[in-house]
Amino acid sequence: MRSFRGGVHPPDMKHLSADAPIEVLAAPEQLVVPLSQHIGAPARPIVQAGDDVRVGQLIGEASGFVSAAVHSPVSGKVKAVTRTRHPLGNTVDALLIENDGQDRMAERVGEDNPNWRDVSPRDIVDTAMKAGIVGMGGATFPTHVKLSPPESKHIDTVILNAAECEPYLTCDYRLLLERTEDVIEGLKLLVRALTPPDAPPNRVSGIIAVEANKKDVFLKLQDMLQDKTNLLARLMPVKYPQGAEKQLIKTVLNREVPPQSQRGLPMDVGVVVQNVGTALALYEAVRFNKPLYERVLTVSGDAIDTPGNLLVRVGTSTEHVLKARGITDSASVVISGGPMMGIALSRLSTPVNKGTSGLLALSSSENWETMPCISCGACVRHCPMQLIPSKFSTLGDVGRYDETEHWNVIDCIECGVCTYVCPSRRPIVQHVKIGKAVVVPLMRARAEELRRQQEKEHG
Amino acid sequence: MCPVLPVTVAASAGGYTLFGVLVMLVIGAVLGLVLFAASRFFKTDVDERVEKILDVLPNVNCGACGFGGCAAYAEAVVYKGSACSLCAPGGADVECRIAEIMGASVGDREPLVAVVHCGGGTRSAHSAAGYYGIASCRAASVPGLNSPKACVFGCLGMGDCVAACKFDAMVMGDDGLPLVIESNCVACGACVRACPRNIIQLHPLKSFVHVYCINTDKGRDVRKACDIGCIACMKCEKICPVDAIHVINNVAVIDYDKCISCGKCVKECPQGIIVNMRKTRKEIDRLRQPVPGGTS
């Protein structure tokens, strides 16, 4: 099978939770709902302390185009506007909501819309915006922005990303297995939203891309998509990072997305990539008018008693989720997301947000000792972006982060492959993160300077 | 003429050696003339003031002036009219002498000193998690990495400021907080720029009273993170006789223009986070030791 260049094969550890059906986790008594659960401007709170809220009620409105609405995950009382930690470590505004346990639904939420199949493309995008839907693979980019490409870009393919290449994570797999039809309906909605009004209905095709370790799902999908002309399922080789947007497009369509340094986006090669969870959320929003206030995530790791897949309300604390499946004393690190790209949490009070695809508790006993770079080239050989990662770490060691720009540090997708293969256990991705933090403002300042000069010449 | 010369000279004994010497002499003379002409006609006047200023400057190339070293600053003063007062390590003395060279007058300059606005060392600030990774504050505070300290404002204690100081004016204390050796500090601001959490600020040397906290969280949250953080109780604000200390955004901030360093707020603070350097300064000077591994 054709694939992208580079990559690694970490042990996938999916057997821990792959056979556990999705269970509903009861909402805790108190939830801290962050107003910034997406990339872009934080939502503006529209409720105050003391207000009564219902499930699915709008509590934070989008404060710009690249922003997303936030809805109450439970019914109860808003206790305070407070601050909490984002998994990334920064402090964000949040609403503290006391759950009354009655799950009183907001108006119209959950009602079956009989005419949902006739919704126009524009209405689908509007619904995504109103329902606060964001990319649920972890990047949390607002979906309505992705569904509104500029007119100059001709989209011909929607890829539903079901690679789930991160070890341990099985939530997308379970969704595809248990709710196959609904996910396919979601994909159809995505295809429709991206089909221009004057184009034939088959202009845009939808592909569900699955890694070969999920063959049962692939066969089921193939069976169900038999009679569809513009929808199909694709099997991909098992390799990390198969689910990274650029690598996925390369494998499925053999198209190369221009790198970040050239401001390349999948839409430049006519593709929009969406996560399985996002498609399902869109389906539920269009058909049942249900905003995005809960998500399926995987709870796993060797320090979890009974790993599984849970439907969790946004705003539930990490501690509550972990305790629900039993966390053992051997746990030494808790990761939000997968082990390759996820973030080690420093506080268990960090709430689950729309992008939390998994919570892992691991009992790592490995001693992390960094050795000097021996120029073995393992990172260069495995880098899926064809960068030279060793350069980032050796430049970083001497504090010359500004020079990482020439080695295209901003093209790095931070997949963690280099750090994984490094025999000297060098924290290359951390160096990349610092490099980006140094280089991006420099580039912005230069672009600004250039713009000002051009303005001066013209005006 | 050229074909004739070797023939006639070659006739005499040892003529080839002589010929070589002659050619070199001619080349030397021609190039000498060219150099003379170049120095005569393409001459530019080097301002002798640049050299003089360079002699006055400390030549440590710390970059505190904002230029790429002492030579660049000297040129900037002469050719670009930069201010005479930018050399922080040189202080008032160097400023006066540069001004003298440039024929300008100087105003009074307030001597400054670096102050670390965090008192939460390993004994009082709570730890939230372990940290494995690059041992630098900058690395630990990049978005996407969680802070090991419970307080998201306080000192990370990995010594970026100590590494940035070129004047041996900072050492890492045993409680994980950097100490400023004030007699060495020239207020160049290198530590201020190195600190990713903006804890270090420059303040007048004549001020003795400082608030060692910058946590803008509410008192309840501060208590969870640190034993001694500012809880915004306003007691300092009430007792101040000159209206120089105010709780702004949940943390006490001193207005150094008004502060008379009377030390009343120091005694009033229930958290003990306002300190009087009048005694401590003497203490630090007494404790001052050669920095391990530092330059002599």
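Protein chains get the first letters and strands the later ones, always in sequence-line order, with residue 1 at the start of each. Only a predicted model underlies this, so the values are computations on that prediction, with no experimental measurement involved.
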Problem - Over 12 foreign heavy atoms within 6.0 Å of CD, A:E448 - result: yes

Exercise for the section: Please answer whether the main-chain N or O of B:I134 pairs with a side-chain N or O of A:Q430 as donor and acceptor at a distance below 3.5 Å. Expected result: yes

Completion exercise
Bottom line for A:T91: the part with an atom under 4.5 Å from chain B's heavy atoms is side chain

Problem - B:D221 versus chain A, the contacting section by heavy-atom distance below 4.5 Å - result: neither

Practice task
Could you tell me whether the side chain of B:K218 reaches within less than 4.5 Å of the side chain of A:T82, counting heavy atoms only?
Solution key: no

Practice task
Give the C-alpha distance, both sets of side-chain angles, the deciding distance and a yes or no for side-chain contact (heavy atoms from CB on, under 4.5 Å) between A:V438 and B:R138.
Solution key: CA-CA 10 Å; A:V438 171; B:R138 176 156 75 163; 3.7 Å; yes

Practice task
For A:R347 and B:A129, indicate whether the former's side chain and the latter's backbone hold a donor-acceptor pair under 3.5 Å.
Solution key: no

Quiz: residues 59-72 of chain B side-chain donor-acceptor pairs under 3.5 angstrom, not counting sequence neighbours:
{"unit_1": "B:N59", "atom_1": "ND2", "unit_2": "B:L54", "atom_2": "O", "d": "3.1"}
{"unit_1": "B:N59", "atom_1": "ND2", "unit_2": "B:L57", "atom_2": "O", "d": "3.4"}
{"unit_1": "B:N61", "atom_1": "OD1", "unit_2": "B:C70", "atom_2": "N", "d": "2.8"}

Exercise for the section: Check the surroundings of atom CZ in B:R223: do more than 12 heavy atoms from other residues, nucleotides or ligands lie under 6.0 Å from it? Expected result: no

Fill in the blank from the handout: B:T216 and A:R83 have their tightest heavy-atom pair at O-NH2, 3.4 Å

